[in-house]
Q: 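Got a structure for you, written out below as structure tokens; questions coming shortly.
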Amino acid sequence: MELSYSPQEEEFRARLREWLAKVLPTLPPKPSPGDWPARRAYDLGWQRMLYDAGYADVHWDASPTTRLIFLEETERAGAPYVGANFVGLLHAGPTIAAEGTPAQRARWLPPVLRGEEVWCQGFSEPGAGSDLAALRTRAWRDGDDYVVTGSKIWTSHAEVADWCELLVRTDPQAPRHRGITWLALPMDADGVTVRPLGTLAGSAEFAEVFLDEVRVPAANRVGAENDGWRVTMVTLSFERGTAFVGEVVACRRVLTELASAARENGRWDDPVLRRRLGRLEAEFRALWRLTQWNVSEAEASGGVPGVGGSVFKLRYSHARQDLYDTAADVLGPAALDLDQSWVLDRLSSLSYTIAAGTSQIQRNIVAERILGLPKGR
Amino acid sequence: MRFQLSDDQRALKAGVRELLDGRFGRVALRAAVDAPGRLDRELWRALGDAGFFALRLPEADGGVGLGLPEAVLVFEEAGRALLPGPLVATHLAAGSVPGAATGETVVTAVDGELVEWLDAADVVSGDASDAVPLRSVDPLTPLHRIPAACAAAAPGRRRRETRPAARAGTGAAGPDGCLAGLLTAAEQLGTAVRVQELAVQHARTREQFGQPIGAFQAVKHLCADLLVRAETARVAVYAAAVTGDAADIAAARLLADEAAVRGARDCLQVHGGMGFTWEADVHLHLKRAWVRARRAGGSTESEELLAGRLVV
Ligand SMILES: Cc1cc2nc3c(=O)[nH]c(=O)nc-3n(C[C@H](O)[C@H](O)[C@H](O)COP(=O)(O)OP(=O)(O)OC[C@H]3O[C@@H](n4cnc5c(N)ncnc54)[C@H](O)[C@@H]3O)c2cc1C
């Protein structure tokens, strides 16, 4: 049994650490969560620094291990998160890299890497959430354009995005999965209306996007017409077990912070709380090992993502919610004070069992694809 | 990043499974259930011949010269097969108690207030002089209890010689206690994996309302959770075997205990009335998982150890 990094991997880690120690102190202060233009500028500025230092494409070209080390070290050092670059770097970008034409790659990829353009993801619709293939936003071909009408919902970062990876229905007659097409929609096109939706945390992280006869050049289609479902599956499988690396590292830090807070306010003397923290420590240690195991498997299989991602996501989303419920126990009455950062984190952790595939859907996937149980209706 | 089994380790695991299938298959398992308290000495020696106990002893001392990762794989298979006997104590005694390594001598250890297999063992590590038999919930693990406080008043208590050779270091707190915890976690992992398989097999074949029950989401989701718990426990146990770190071992213990105990219960649920019978093996896994979960301080000790790590 091996659990180790190669000398080259360790060397990458050391170089990255050194660079982070040098540049992080030069960063401007973090903008407030409600100030979207400032957040956009901050996230893009960080991406530009990564670009200049040669780390911009770590999510695309690097091995799963390099990505693991990158995410682990940046989180440890307290570097900014991908933030507004999330879709560009982790969804749309990799899709275009894999499925786009040379011209499309040349148009869209460099601005993402250089921190110049923000993407959002227009998949979900009011009538198509877990059942994504039920999406109904229509697109008709008209000359060199598609004309798109419909609406999207829960679109994160829509307010500050330049582009949207959009799934539309181009053949309503075809079987559901065969009539879908992937388009790059410029968010400033005529007929696009963005209406921010408040979250339960009081922020405006996502939005509704209304599309009213929006003209999108056919040249913006990635993959063949009606082949969008396959293109989408490529996108969804890109994260290869590394999607939550930074977060697991962050959760482990929060856990130690909770322990010191509990020591300070005396709650540490409660053995029930102490043992709960101990159990969470076991949980996050194991989740870290699961990450390493999944990355090692991805590495061995030449980067082909395994099913381990669903196992991880299921366990992790619930562990994260437990973590912040325990934080509430540590805080006591302060758990009701929105000025405590853990309280906001507790609120946002509520989305973890819903976003990117609910826990129920993940269990269906585990049971049907890994365990081979019959598909239900 | 490499975190995986080597080809040799895979082969070892497969070899042990084959050996146990042959020597301790379903028929032998049920025979053992019907003759509680009897340890099959021949099987024990066969385990010794296969290197089960001498696995980690240096080759110069007649051992196999392997490490903790290999031991963990072997104990996972033992757990899966519900192999009876004080396996952990004898394995840990190999090298210090004569005959343990070869399977000639059966060694058990006092663990807190409990001792497994006291009557069958040749050597007891720790003081079992006040031990009183109890009617063990697990038909495959005879148990004695050492009443801590009221030992003197206990009726029917019995004296027993403790052999000095075996006294050293099998307490829960010492390094051996830590290893005992890891090997126990490995056995729990074996149970967790096995009950997941049993549940899925049953869910695929048992039909109700005109379809396999595994097509019902309520059942499907029980099965998915069984897998998630088993696989999370697996990486925790394997990683702890590589690092040997006390906190990693405590974490492995907690996850494996949970995966085994909750897994066995969910497996029982999936089996319906069949799960409640003596005939089905599910209860044997649950009961054994309960016994193992009590070892070495149980979850309290592990949780406290990990909590302690958060503040250093
Ligand atoms: C914070 C956040 C950010 C998001 N960002 C984006 C984004 O940027 N772009 C985007 O396209 N989408 C985004 N989403 C949408 C997200 O992908 C969907 O919310 C999610 O897939 C669930 O769909 P739904 O909300 O329609 O719920 P529904 O599908 O209506 O589900 C409601 C309930 O029914 C259950 N359910 C549904 N189907 C089944 C089934 N077959 N078996 C068992 N139970 C079932 C679900 O588990 C859930 O409990 C975001 C969501 C959140 C919360």
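Below, read A as the first sequence line, B as the second, and so on, with proteins coming before strands; counting in each chain starts at 1.
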Q: If every non-hydrogen atom of B/L254 is compared with every non-hydrogen atom of A/G278, which pair is closest and at what distance?
A: CD1-O, 4.4 Å

Q: Measure distances from B/A247 to the heavy atoms of chain A and classify the residue's part below 4.5 Å as side chain, backbone, both or neither.
A: both

Q: Are any non-hydrogen side-chain atoms of A/R289 and B/F3 less than 4.5 angstrom apart?
A: yes

Q: Side chain, backbone, both or neither: which part of A/W288 has a heavy atom under 4.5 Å from chain B?
A: neither

Q: Side chain, backbone, both or neither: which part of B/D245 has an atom under 4.5 Å from a heavy atom of chain A?
A: side chain

Q: With side chains defined as the heavy atoms from C-beta onward, is the minimum distance between B/C223 and A/L373 less than 4.5 Å?
A: yes

Q: Is it the side chain or the backbone of A/L290 that comes within 4.5 Å of chain B heavy atoms, both, or neither?
A: both

Q: Please identify which of these residues, A/E9, A/E299, A/M1, A/Q292, meets the side chain to side chain contact (heavy atoms under 4.5 Å, CB included) condition with B/R2.
A: A/E9

Q: Please give me the minimum heavy-atom distance between B/L255 and A/A286, naming the atom from each residue.
A: CD1-CB, 3.3 Å

Q: Using a cut-off of under 4.5 Å on heavy-atom pairs, state which of B/L227, B/L5, B/L305 scores highest against chain A.
A: B/L227

Q: Looking at chain B, which one of A/E257, A/R274, A/R285 has the largest number of heavy-atom pairs inside 4.5 Å, strictly under?
A: A/R285

Q: Rounded to the nearest 0.5 Å, what separation is found between the CZ atom of A/R275 and the CD atom of B/E304?
A: 7.0 Å

Q: B/E258 versus chain A, heavy atoms under 4.5 Å apart: side chain, backbone, both or neither?
A: side chain

Q: Select one option (side chain, backbone, both, neither) describing which atoms of A/R263 are under 4.5 Å from chain B's heavy atoms.
A: side chain

Q: Go through the atoms of A/E368 and report whether side chain, backbone, both or neither lie under 4.5 Å from a heavy atom of chain B.
A: side chain

Q: Heavy-atom distances under 4.5 Å only: say whether A/L68 touches chain B with side chain, backbone, both or neither.
A: side chain

Q: Please identify, among A/L3, A/L258, A/T65, the residue contributing the most non-hydrogen atom pairs under 4.5 Å to chain B.
A: A/L3

Q: Are the side chains of B/Q196 and A/L371 in touch, meaning some heavy atoms are under 4.5 Å apart?
A: yes

Q: Shorter than 4.5 Å, heavy atoms on both sides: which option in B/S6, B/A233, B/A239 has the most such pairs with chain A?
A: B/A239

Q: Tell me the closest heavy-atom pair linking B/L306 and A/A282, and the distance in Å.
A: CD1-CB, 3.6 Å

Q: With a 4.5 Å cut-off on heavy-atom pairs, point out which of A/R252, A/Q360, A/E283 contacts chain B the most.
A: A/Q360

Q: For the CZ atom on B/R265, are there more than 12 heavy atoms of other groups (residues, nucleotides or ligands in this structure) within a distance under 6.0 Å?
A: no

Q: Inspect the surroundings of CD in B/E207 and state if more than 12 heavy atoms from other residues, nucleotides or ligands are less than 6.0 Å away.
A: yes

Q: Given heavy-atom pairs under 4.5 angstrom as the criterion, report whether the side chain, backbone, both or neither of B/R229 touches chain A.
A: both

Q: For B/D8, is it the side chain, the backbone, both or neither that has a heavy atom under 4.5 Å from a heavy atom of chain A?
A: neither

Q: Side chain, backbone, both or neither: which part of B/Q9 has an atom under 4.5 Å from a heavy atom of chain A?
A: side chain

Q: Among B/T243, B/V237, B/V200, B/T232, which has the most heavy-atom pairs under 4.5 Å with chain A?
A: B/T232

Q: Can you tell me if B/K220 uses its side chain to pair, donor with acceptor, with the backbone of A/V366 under 3.5 Å?
A: no

Q: Provide the closest heavy-atom pair for A/L314 versus B/V228 in the form atom of the first, atom of the second, distance.
A: CD1-CG2, 3.8 Å

Q: With the side chain counted from C-beta on, respond yes when A/S63 and B/M1 share a heavy-atom pair under 4.5 Å apart, and no when they do not.
A: no

Q: Tell me, side chain or backbone of B/L68 under 4.5 Å from chain A's heavy atoms, or both, or neither?
A: neither

